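The structure appears right after this line, and notes come after that.
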Protein chains: 2
Amino acid sequence: MINNYPIVMQSPLFKGVGMDDLNNVFSSIHYRIKKYDADQIIAFEGDEVKCLYILLKGSVKGEMMDPSGKTIKIEDILPPKPLAIAFVFGSANKFPVNIVSNEPSELLVIEKADALKLFSNNEQILQNFLNVISSRSQFLTQKIKMLSFQTIKGKLANFFLQETKGEAIDFVLNKSQNALAELFGVARPSIGRAFKEMNDDGFIHIKGKSVRIIDIKGLRSYLST
Amino acid sequence: MINNYPIVMQSPLFKGVGMDDLNNVFSSIHYRIKKYDADQIIAFEGDEVKCLYILLKGSVKGEMMDPSGKTIKIEDILPPKPLAIAFVFGSANKFPVNIVSNEPSELLVIEKADALKLFSNNEQILQNFLNVISSRSQFLTQKIKMLSFQTIKGKLANFFLQETKGEAIDFVLNKSQNALAELFGVARPSIGRAFKEMNDDGFIHIKGKSVRIIDIKGLRSYLST
DNA sequence: CCTAGCTTGTAACGAATGTTACAAAACCAG
DNA sequence: CTGGTTTTGTAACATTCGTTACAAGCTAGG
């Protein structure tokens with residue numbers, strides 16, 4: 001049955017696993033293919049995550065209610081992505097958002113006990129799963145670092161130092177002010193203002209997309225702000 | 001050899017695993033016990049994490065350099081805790097901080113390949129590891145949510161609504177203003193000011209440690225700030 | 001009861017950012 | 001090249017928070 005979905009081979013969970021091996025492990029566990037119509041609720045925010053879910057067909061979206069009751073779309077999820085993968089195990093394993101189908105969709109559903117069996121029986125799948133959730137944690141750690149800077153200049157200095165790995169002196173900015181503003185959750189004109197101030201401080205020289213780091217020590221001083 | 005460290009039974013990784021089972025799985029993998037003197041560098045920030053490390057004896061600290069070159073202690077780690085557990089696997093698996101021994105210490109060191117074997121061979125250990133790193137991810141997700149509020153009133157409203165699960169109307173605050181300020185990374189007088197403003201807005205009534213939610217809808221309106 | 005230490009309340013002032021708006025510059029497609 | 005769209009620069013004003021400081025209230029121990 002899993003044979004009907006060759007896309008599953010491209011899932012981050014099954015990278016590097018041959019089709020024979022995949023068939024082998026799937027033949028020894030229980031799993032379901034669950035179908036949904038368009039605009040159907042797949043899971044509610046706050047519901048316990050009881051299974052490992054992988055999207056095989058269609059597309060789904062994660063959405064939240066804002067305080068006024070309005071629905072905000074967080075992201076669209078396409079095959080062969082897993083859903084809420086970091087919430088399958090753990091002490092607070094609740095869906096962080098509502099999951100709704102955008103169109104008719106099909107999900108691979110594996111109960112937790114069978115997911116554990118799957119991981120035990122194939123080390124590559126286990127390693128893939130560990131890589132995915134560990135990378136998630138690492139990404140979140142970086143995001144917290146960014147959000148913990150009190151000032152926009154601190155965020156920008158951190159961003160520049162990470163982009164250059166403390167090496168290059170000149171580099172080309174690969175994000176517009178708008179994109180940086182969205183990434184940092186700040187107002188776009190404030191990005192422009194911070195650029196001007198950093199320029200005025202003499203630590204960088206920025207013209208359009210070209211950035212030159214003039215005083216790296218000065219740039220690092222923003223990291224405590 | 002692992003018998004010499006009964007404390008390992010209390011590690012979050014080995015909860016619910018009997019001593020016989022533990023001996024059994026450890027007899028089929030390679031591992032080392034590594035000893036360190038006091039004030040010795042165990043790992044540098046940015047170094048690749050190549051092994052699973054569990055502290056068996058002594059204590060170690062995580063520390064960072066601030067931009068001025070000064071050392072900041074992030075946390076102390078005691079047995080039987082693992083080190084940098086969310087950084088063992090994943091695409092950015094580097095130590096996030098320096099790790100330094102506070103006193104003579106001993107670490108259980110398991111190469112990644114052997115760690116994978118350990119997990120494959122005992123489902124309870126596998127589940128424990130998945131629970132630990134998934135919980136870590138869930139904690140980080142909550143922290144990002146908190147840090148993403150633009151205002152202190154938003155943070156506090158979120159905190160109150162989580163403490164009460166949207167149910168109780170009266171409750172006792174279990175954290176001092178100082179503790180809340182530390183938790184949110186803000187100034188203590190600003191917490192007091194936000195309390196006063198929320199009081200003045202008529203959404204809560206707070207006196208000492210007693211909190212009454214007067215207008216939950218109003219309280220929710222802070223969530224967008 | 002008294003004292004010391006901790007917590008809270010409050011205020012003034014400065015710093016940083018958000019918001020709104022408009023103009024200029026840059027970019028892209030026809 | 002031209003026109004339309006996007007991006008950037010800038011400014012004024014409002015909002016929020018940080019910092020510093022001091023006083024009052026609370027709590028625990030002797």
Side-chain angles (χ1 to χ4, degrees), chain A residues 66-68 145-160 171-212 218-225, chain B residues 66-68 72 143 145-160 171-212 218-225:
Chain A
D66 78 2
S68 68
K145 187 177 174 193
M146 182 276 287
L147 285 168
S148 297
F149 289 107
Q150 302 287 335
T151 67
I152 294 176
K153 279 184 281 188
K155 290 171 163 62
L156 286 168
N158 181 58
F159 177 78
F160 290 154
F171 69 100
V172 175
L173 203 50
N174 63 358
K175 284 183 166 42
S176 70
Q177 287 186 8
N178 267 330
L180 284 173
E182 275 183 39
L183 180 64
F184 295 158
V186 303
R188 194 272 310 163
S190 301
I191 294 277
R193 175 166 50 199
F195 278 167
K196 182 174 171 2
E197 285 166 11
M198 291 162 98
N199 243 10
D200 293 347
D201 288 345
F203 299 154
I204 63 167
H205 181 67
I206 185 164
K207 196 167 194 318
K209 297 276 179 158
S210 301
V211 185
R212 166 171 294 170
L219 195 63
R220 297 193 78 98
S221 75
Y222 290 132
L223 292 180
S224 57
T225 66
Chain B
D66 78 3
S68 68
I72 307 173
K143 186 151 190 186
K145 187 178 175 191
M146 184 275 289
L147 284 168
S148 296
F149 289 108
Q150 302 286 337
T151 67
I152 294 176
K153 278 184 280 189
K155 291 173 163 63
L156 285 169
N158 182 58
F159 177 78
F160 290 154
F171 69 101
V172 175
L173 204 50
N174 63 357
K175 285 182 163 47
S176 69
Q177 287 187 6
N178 267 330
L180 284 173
E182 275 183 39
L183 180 64
F184 296 158
V186 302
R188 194 275 307 164
S190 301
I191 293 278
R193 176 167 51 198
F195 278 168
K196 181 173 174 351
E197 286 167 12
M198 291 162 99
N199 243 9
D200 292 345
D201 287 345
F203 299 153
I204 63 166
H205 180 66
I206 185 164
K207 196 166 196 316
K209 296 275 182 167
S210 301
V211 186
R212 166 170 291 168
L219 195 62
R220 300 193 76 97
S221 74
Y222 290 132
L223 293 180
S224 57
T225 68

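To find a chain, count down the sequence lines: A is the first, B the second, and so on, and within it residues start at 1. Heavy atoms only: backbone and side chains are in, while hydrogens, waters and symmetry mates are out. Because the structure is predicted, anything quoted here is derived from the model rather than measured.
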Measure CD/A:Gln150 against P/C:dG18 and give the value in whole Å, please.
13 Å
Starting from P on C:dA15, measure out to OH on A:Tyr222 and report it in whole angstrom.
15 Å
Could you check whether any side-chain heavy atom of B:Ser221 comes within less than 4.5 Å of a side-chain heavy atom of B:Phe203, counting everything from C-beta outward?
yes
In whole angstroms, how far is the P atom of C:dG18 from the CD atom of A:Glu182?
14 Å
Under the rule for side-chain hydrogen bond (donor to acceptor under 3.5 Å, both in side chains), what residues qualify as partners of A:Lys175, not counting sequence neighbours?
none
What pairs of nitrogen or oxygen atoms, one from the protein and one from nucleotides 9-13 of chain D, lie under 3.5 Å apart?
unit_1, atom_1, unit_2, atom_2, d
D:dG9, OP2, A:Gln177, NE2, 2.5
D:dG9, N7, A:Arg188, NH1, 2.9
D:dG9, O6, A:Arg188, NH2, 3.0

Side-chain donor/acceptor pairs under 3.5 Å, residues 178-188 of chain A, sequence neighbours excluded:
none

Return the nearest nucleotide to the side chain of A:Val186; candidates are C:dT7, D:dG18, C:dG18.
C:dG18
Given atom CG of A:Leu173 and atom C1' of C:dC27, what is their separation to the nearest angstrom?
16 Å
Rounded to whole Å, how long is the line connecting atom NZ of A:Lys175 with atom C1' of D:dT7?
16 Å
A:Lys209 NZ to D:dT7 P: how many Å, rounded?
8 Å
Centroid-centroid under 6.0 Å between B:Tyr222 and B:Phe149 rings
no
Rounding to a whole Å, what distance do you find between A:Asn178:CG and C:dA26:P?
17 Å
To the nearest Å, give me how far apart NZ (B:Lys153) and P (D:dT15) are.
11 Å
Report which part of the nucleic acid A:Ile152 touches: base, sugar-phosphate, or nothing (heavy-atom distance under 4.0 Å, all strands).
sugar-phosphate
Describe, in one word, how the ring planes of B:Phe160 and B:Phe195 are oriented to each other, choosing from parallel (under 30°), tilted (30 to 60°) and perpendicular (over 60°).
parallel
Taking every non-hydrogen atom, the tightest pair across B:Ile204 and B:Asn199
O-OD1, 3.0 Å
